[in-house]
Structure formats: structure tokens, C-alpha cells
Amino acid sequence: MNFRPLMLLRLTTSLTEELGSTPHGRLSIFPVTGGAFEGDRLRGKVLAGGGDWVTTRADGIRELDLRVTLETDDGALIHVTISGVRDDMNRYFRALPRFETAAPKYAFLNRLLAVGAGDVGPDGPVHAIDEIL
């Protein structure tokens, strides 16, 4: 497979909301308060109001369910969902983003598949997202 860089997505989060142990594991919610994204074909800001629902399994692996809205520099809105896996013991943080938009200029996002490698910065998660060609 071939890949092309799509964007670097930086998220800022506020205090974690701990829901506690559920049948699937320990559930934590990381409210997204903002951020930014940039790439060759799009750039802009992350709108407040999204979140990352993180379930920590019994084996310590974290399953991610992130949902945010991006606003491009020219005002288009893009809904992003990211599912992923984070294993801190093995320094593994990978994600599968999907995009949805009504903006004709960014309609290519509706039909592409992408993968991401993540890290946790001082303000929150950072995802380097590549389009699968």
C-alpha cells in the first residue's frame, strides 16, 4: 500500500471525567476543548465540544473512540471519528480516522481511508494522519 500525509491533528483536552469500571473496562472521557490541524490540502482549528471516550481493558490496553468537529480556514466543517488502540507498555498508539463533510471542496475526505500514529503531548493527543492511496 501507498500513503500520503493528510494532516497533523493536535487536540487540547480538559480534565478527565472518570466514569469508573464498566462491563467493558474502566471508562474515561477526555473532553476536547480545541486544537488545530494542518496538511497540504487543509488546515484549521478543532472546535470545542468533542471528546475521546477511552476504555482501559483488563490487560491495560486503551481503546479509543474520538469524535470532533474541524473547521477549516475557509469555514468548512468536517466531522471526524477516530477509533484506535493505545498500548503504553509497547509504545503503540494507532488510529483509524473517518471523515464526513458537506463541503464540496473537501468531498474527497468522504471517500478516503486513513491511518494514524498518535502520541500524547503536553496539551493532549497528537495524531499524524496519512491517507491510504
Side-chain angles (χ1 to χ4, degrees):
M1 281 193 273
N2 295 310
F3 303 89
R4 172 172 49 183
L6 181 62
M7 72 173 70
L8 185 65
L9 174 64
R10 298 176 190 276
L11 303 171
T12 56
T13 58
S14 63
L15 294 175
T16 307
E17 300 169 3
E18 295 291 343
L19 272 68
S21 294
T22 73
H24 299 285
R26 191 179 80 242
L27 180 58
S28 307
I29 301 171
F30 296 80
V32 174
T33 58
F37 64 96
E38 58 187 70
D40 289 343
R41 294 179 285 167
L42 66 168
R43 65 185 31 81
K45 64 183 177 181
V46 179
L47 300 180
D52 194 358
W53 287 259
V54 178
T55 302
T56 304
R57 305 182 325 203
D59 62 1
I61 304 298
R62 293 182 174 113
E63 295 179 351
L64 315 173
D65 178 12
L66 173 71
R67 295 163 189 272
V68 294
T69 302
L70 309 180
E71 183 178 356
T72 63
D73 284 349
D74 56 0
L77 297 177
I78 302 166
H79 174 66
V80 182
T81 60
I82 297 178
S83 59
V85 174
R86 182 173 154 198
D87 177 359
D88 290 338
M89 290 204 39
N90 294 301
R91 300 188 50 79
Y92 186 84
F93 187 170
R94 300 294 183 266
L96 298 170
R98 293 302 308 260
F99 304 91
E100 187 174 2
T101 185
K105 180 178 179 180
Y106 301 104
F108 69 92
L109 294 169
N110 294 324
R111 58 185 171 271
L112 66 77
L113 292 176
V115 293
D119 197 4
V120 179
D123 295 325
V126 178
H127 295 273
I129 299 173
D130 290 337
E131 173 185 1
I132 302 173
L133 301 176

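Between Lys45 and Glu38 no salt bridge is recorded (no basic side-chain N to carboxylate O distance below 4.0 Å). Using a 4.0 Å cut-off between a side-chain N of Lys or Arg and a carboxylate O of Asp or Glu, Arg62 and Asp88 qualify as a salt bridge. For the pair Lys105 and Asp74, the salt-bridge criterion is met [side-chain N within less than 4.0 Å of a carboxylate O].
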**Request:** Using the side-chain contact (heavy atoms from CB on, under 4.5 Å) rule, take Asp52 and Leu64 through it: C-alpha gap first, then chi angles, then the decisive distance, then the call.
**Result:** CA-CA 7 Å; Asp52 194 358; Leu64 315 173; 3.9 Å; yes
**Prompt:** Could you walk me through whether Leu109 and Leu42 pass the side-chain contact (heavy atoms from CB on, under 4.5 Å) check?
**Reply:** CA-CA 10 Å; Leu109 294 169; Leu42 66 168; 3.9 Å; yes
**Prompt:** side-chain contact (heavy atoms from CB on, under 4.5 Å) between Ser83 and Leu96: does it pass, once the steps are laid out?
**Reply:** CA-CA 5 Å; Ser83 59; Leu96 298 170; 3.9 Å; yes
**Request:** Would you please test His127 and Phe93 for ring-ring contact (aromatic ring centres under 6.0 Å, His included) and show each step?
**Result:** CA-CA 9 Å; His127 295 273; Phe93 187 170; 5.4 Å; yes
**Message:** For Arg41 and Phe108: C-alpha separation, side-chain torsions, deciding distance, then whether side-chain contact (heavy atoms from CB on, under 4.5 Å) applies.
**Reply:** CA-CA 10 Å; Arg41 294 179 285 167; Phe108 69 92; 3.5 Å; yes
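Under a hydrophobic clustering in which Ile, Leu, Val, Met, Phe, Trp and Tyr are joined whenever their side-chain heavy atoms come within less than 4.5 Å, directly or via other members, Leu113 and Met7 fall into different clusters. In terms of hydrophobic clustering, with Ile, Leu, Val, Met, Phe, Trp and Tyr side chains grouped at heavy-atom distances under 4.5 Å, Val46 and Val80 are assigned to a common cluster. By the rule that hydrophobic residues join a cluster once side-chain heavy atoms approach within less than 4.5 Å of another member, Leu112 and Val115 end up as members of separate clusters.
In the displayed structure, Asp40 atom CG is contacted under 6.0 Å by at most 12 heavy atoms of other residues, nucleotides or ligands. Counting non-hydrogen atoms of neighbouring residues, nucleotides and ligands closer than 6.0 angstrom, the CG atom of Leu133 exceeds 12 such neighbours. More than 12 heavy atoms of other residues, nucleotides or ligands sit less than 6.0 Å from atom CD of Glu71.
Under a cutoff of 6.0 Å and an axis angle of 45°, Arg94 and Tyr92 form a cation-pi pair.
The shortest non-hydrogen separation linking Ile129 to Ala114 is CG2-CB, 3.8 Å. Smallest separation of non-hydrogen atoms from Gly44 and Asp73: CA-OD1, 3.3 Å. The heavy-atom pair separating Phe99 from Ile78 by the smallest distance is CD2-CG2, 4.1 Å. Annotation for Glu131 and Leu6: closest pair N-CB, 4.0 Å, computed over non-hydrogen atoms. Taking each heavy atom of Ala103 and Thr101 in turn, the nearest pair found is N-OG1, 3.1 Å. Nearest heavy-atom pair across Pro5 and Asp130 is CA-OD1, 3.2 Å.
Proximity of a side-chain donor or acceptor of Ser28 to a complementary backbone N or O of Glu18 within less than 3.5 Å is not detected. One N or O on the side chain of Thr33 and one on the backbone of Thr12 form a donor-acceptor pair closer than 3.5 Å. Side-chain N or O atoms of Arg111 include one that pairs as donor or acceptor with a backbone N or O of Ala107 at under 3.5 Å. Of the possible donor and acceptor atoms, one in the side chain of Thr72 sits under 3.5 Å from a partner among the backbone N and O of Ala76.
Between the side chains of Thr55 and Glu63, no donor-acceptor pair of N or O atoms lies under 3.5 Å.
Glu17 CD to Ile29 CD1: the interatomic distance, rounded to the nearest 0.5 Å, is 5.0 Å. Interatomic distance, Leu47 CG to Leu77 CG, rounded to the nearest 0.5 Å: 6.5 Å. For the atom pair CG (Leu66) and CG (Leu11), the distance works out to 6.0 Å, reported to the nearest 0.5 Å. Summarising the geometry, atom CG belonging to Leu9 is positioned 6.0 Å from atom CG belonging to Leu70; distances are rounded to the nearest 0.5 Å.
Taking 4.5 Å as the limit, every side-chain heavy atom of Ile61 sits out of range of all side-chain heavy atoms of Arg86. Taking 4.5 Å as the limit, every side-chain heavy atom of Glu100 sits out of range of all side-chain heavy atoms of Tyr106. No side-chain heavy atom of Pro31 sits under 4.5 Å from any side-chain heavy atom of Thr13.
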